[in-house]
Amino acid sequence: MKRLLSLSIAAALSGLVLTSTAFAEDSAGQRLVEKGQYLSVAGDCAACHTTDGGKPFAGGLAIATPIGKIISTNITPSKTDGIGDYSLADFEKAVRQGIRKDGARLYPAMPYTSYARITDQDMQALYAYFMQAVAPVDQKTRATDLPFPFNIRFSMAGWNLLFAGDKPYTEDSSQSAAWNRGAYLVQGLAHCSTCHTPRNALMAEKQGQALAGASLGTWFAPNITPDMHAGIGHWSASDLASYLSAGHSPTGSQAGGPMLEAINKSFSRLSASDINAIVTYIRATTPQPENAAPGRLPASPPRVSELALMNDSASPGAQLYSEHCATCHQLSGQGSRGLPALYGNAALQRPVADNAVMAILDGLTPDHGQAMPSFSSSMNDQQISTLVNYIFSTFGDREVQTSPQRVAVLRAGGAPSPLLSIARGGMIAAVVIVAGLIIAGVVRRSRRKKR
């Protein structure tokens, strides 16, 4: 009887241990998935892999690039159309090196050059999230169709050898924990350099000018280094934290375009400690003097009366401003009812007027606060050019101007990249060189036979 009782107690204790172990494993697995979900937000994965009104991560979004539109892929765990049959090793190779399970090369519109910095632990968390918590969507996306030679995906192999790496981030022991966390996010998951670092003729980032500002074809990503004139050296830590968290700051900056999307879908959802870490790192980067505005700003807000604008002698720009802008931004450009002022606005202190043009063409739609409508259908290129030049001359840097031709280019999605011509010219040159070598070889053999 005692033996039976002992066996019963032992069995009960064993079951309790097994139950506790299983519970602990489930809890650890759930924490890993939750961590992966947070990391996917930090990496802004949904921005490219989810269409407006589409199912999460099902792909199909057409991403405009200087060499054509790249269609984002389905990254749900669908076994037919997504990444459902990817192992952790397959997933890592795609995210860090830009190589799919079938061996095909991804285009660097997928920022694998930055994601290479993701640590092994975070990669495991991301994999757990996408495989266990994302709903599979059996939906094919249309294929990317780029012009020759970029339609040959293997051409990316050479580019990767020159410009890509696959080493995870390692901490700098001489820096603080906040700096290291900020460096990890900025250099890796948040891939800030993808937009804010200028690129060379082969579309690779210029490492010596990290975060010094760059044109994205339409929008201009400004210099975000702590340079006092070209960058954001005059911003306080709280200014930058406010901008990243809410899309605006006391410096007169409001996010627009891709940055507004990044704030809506990513930065605004990060923890306060991660935002502060990013701020710590950004404010400690090397100041870069590139892309400074001329600096010809008005000393005080202009005095513009409604009576003056009603006068027939008012300029076309002033009349357009009165008709389309003054209701929200006031005639003096001081703003009203929480709407931003134009006088002192950072968007009017850029080296180019592209962002102001794009804001007028596309409008602004923040997650919180009032939206700015699009005027693309109500004003032509000449009118937008006239209006933007008036706004810069009156409220911003008066040496920065635009033209109807530039507005037309921006309306069309930006100017084509010279990279296509460079690549085709390079291939032609390579063919000529190979042909020349073959001919030279044939001639040499012919001469040897004659001897």
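Ion pairing of Asp81 with Lys140 is present here, as a side-chain N (NZ or NE/NH1/NH2) and a carboxylate O approach within less than 4.0 Å. Salt-bridge annotation for Lys35 and Asp122: present, with a side-chain N of the basic residue lying under 4.0 Å from a carboxylate O of the acidic one. Ion pair Arg411/Asp362 not flagged as a salt bridge, since none of the NZ, NE, NH1 or NH2 atoms sits closer than 4.0 Å to an Asp/Glu carboxylate oxygen. A salt bridge does not link Lys79 with Asp138: every distance from a Lys NZ or Arg NE/NH1/NH2 to an Asp or Glu carboxylate oxygen is 4.0 Å or more.
The shortest heavy-atom contact between Arg181 and Asp274 is NE-OD1, 2.8 Å. Nearest approach of Thr218 to Gly414, heavy atoms of both residues: CG2-N, 3.7 Å. In terms of heavy atoms, Thr113 sits closest to Ala164 at CG2-CB, 4.0 Å. Taking each heavy atom of Tyr112 and Asn160 in turn, the nearest pair found is OH-OD1, 2.7 Å. Residues Ala353 and Val388 approach most closely at CB-CG1, 3.9 Å, considering heavy atoms. Of all heavy-atom pairs spanning Ser385 and Thr402, the tightest one is OG-O, 3.6 Å.
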When you look at Asp120 and Arg96, which way does the salt bridge (Lys or Arg N to Asp or Glu O under 4.0 Å) test go after all the steps?
-> CA-CA 11 Å; Asp120 292 342; Arg96 283 200 182 122; 2.8 Å; yes
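The aromatic rings of Tyr321 and Phe395 are tilted relative to each other, their planes meeting at an angle between 30° and 60°. Between Phe57 and Phe130, the angle of the ring planes goes over 60°, which puts this pair in the perpendicular group of the 30/60° scheme.
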